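Below you'll find the structure, written out as structure tokens, and then a few comments.
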Amino acid sequence: MTEHFPSKIGLSQQFDCSYLPNRKEQLLVILDSECYTAPRFEALLSLGFRRSGDQIYRPHCPLCSACQSIRVLAKQYTPSKSQKRKFNKIRDDFSVKVSFEEKDNYFPLYEKYINLRHSDGTMYPPNRLQYESFLFCRWMPISFIELWHKNTLVAVAVTDTMPNALSAIYTFFDPDFEHLSLGTIMIMAQIELASSEEKDFVYLGYQIDECKKMRYKKQFSPAQQLKEDTWINI
């Protein structure tokens, strides 16, 4: 056991998987209070853990290992031809800004996004308590990467900030602009921010090959995937 591995871990009950039908999900949950700092969390990210609200967890499903952590090598990232085309579409009329505190116009944008894009998901119907308990954190510095179309906020990427990495928590955007592939654009913005701050990695969460909605994470390279506790190049 390394010095970074927590000494106190809990195991959740089993519940229906949010991503794959007819599967059960179970989580390891960090109970060690000393792990709840940005440097310690960064070490846990490298072991496949993730944050939701104030809680650090990792899938520990009894009959499934579909969730595999994935991270982009930020300093070496090169956009594909498709990604360059998507970025060029927004080059002139859009701008990226970074905020370190939540703004009043975030929740209405989140609410519209969930209502129009994820009405069949577990976050519907959206409400402020669920929004805050899912996205925000009392012990972790958070960056809010904003995309603006002139004077209108159209996307926000909630991003954890650690000494040598960023972790993409969740992106929500105005569905009126979905034809511009804003999910891709916001990951590119996170990678650009990490690179500009000399950070090595952008963690994108879990890659689930069997889930169509999650396959996009392999479109950013070079990247690494955690398999059997070893990071391999993909």
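Please read these numbers as outputs of a predicted model, since none were measured by experiment.
The two residues Met140 and Thr161 make their nearest non-hydrogen contact at SD-O, 3.6 Å. For Val156 against Leu153, the heavy-atom pair with the smallest separation is CG2-CD2, 3.8 Å. In plain terms, the two heavy atoms of His118 and Tyr124 that are nearest each other are O-CB, 3.4 Å. Counting all heavy atoms, side chain and backbone alike, Phe172 lies closest to Tyr106 at CE1-O, 3.4 Å. Pairing each heavy atom of Ala38 with each of Met162, the nearest pair is O-CG, 3.5 Å.
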For the pair Glu178 and Tyr113, evaluate side-chain hydrogen bond (donor to acceptor under 3.5 Å, both in side chains) and give the outcome as yes or no after the intermediate values. CA-CA 10 Å; Glu178 66 180 329; Tyr113 175 76; over 6 Å; no
Criterion salt bridge (charged side-chain N to carboxylate O under 4.0 Å, His left out) on Asp200 and Lys75, from CA distance to verdict: CA-CA 6 Å; Asp200 286 331; Lys75 295 177 185 176; 3.1 Å; yes
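Side chain of Arg50 to main chain of Ser167: no donor-acceptor pair is present (N/O by atom type, distance under 3.5 Å, no hydrogens or angles). A side-chain donor-acceptor contact under 3.5 Å links Thr159 to the backbone of Ala157. With hydrogens and angles disregarded, no donor-acceptor distance shorter than 3.5 Å links the side chain of Lys112 to the backbone of Asp174. Side-chain N or O atoms of Arg51 include one that pairs as donor or acceptor with a backbone N or O of Gly53 at under 3.5 Å.
Side-chain atoms of Tyr206 and Gln225 include no donor-acceptor pair closer than 3.5 Å. A donor-acceptor contact closer than 3.5 angstrom links the side chains of Tyr77 and Gln83. With 3.5 Å as the limit, one finds a donor-acceptor pair spanning the side chains of Arg91 and Asn88.
One finds a salt bridge joining Glu210 and Arg23 here, because a Lys/Arg side-chain nitrogen approaches an Asp/Glu carboxylate oxygen to under 4.0 Å. The pair Asp32-Arg40 does not meet the salt-bridge criterion, since no charged nitrogen lies less than 4.0 angstrom from a carboxylate oxygen. Note on Arg128 versus Glu111: no salt bridge recorded, every NZ/NE/NH1/NH2 to OD/OE distance being 4.0 Å or above.
Side-chain contact between Leu11 and His60 is present, with at least one heavy-atom pair separated by less than 4.5 Å.
By the 30° and 60° cut-offs, the orientation of the rings of Phe94 relative to His149 is tilted.
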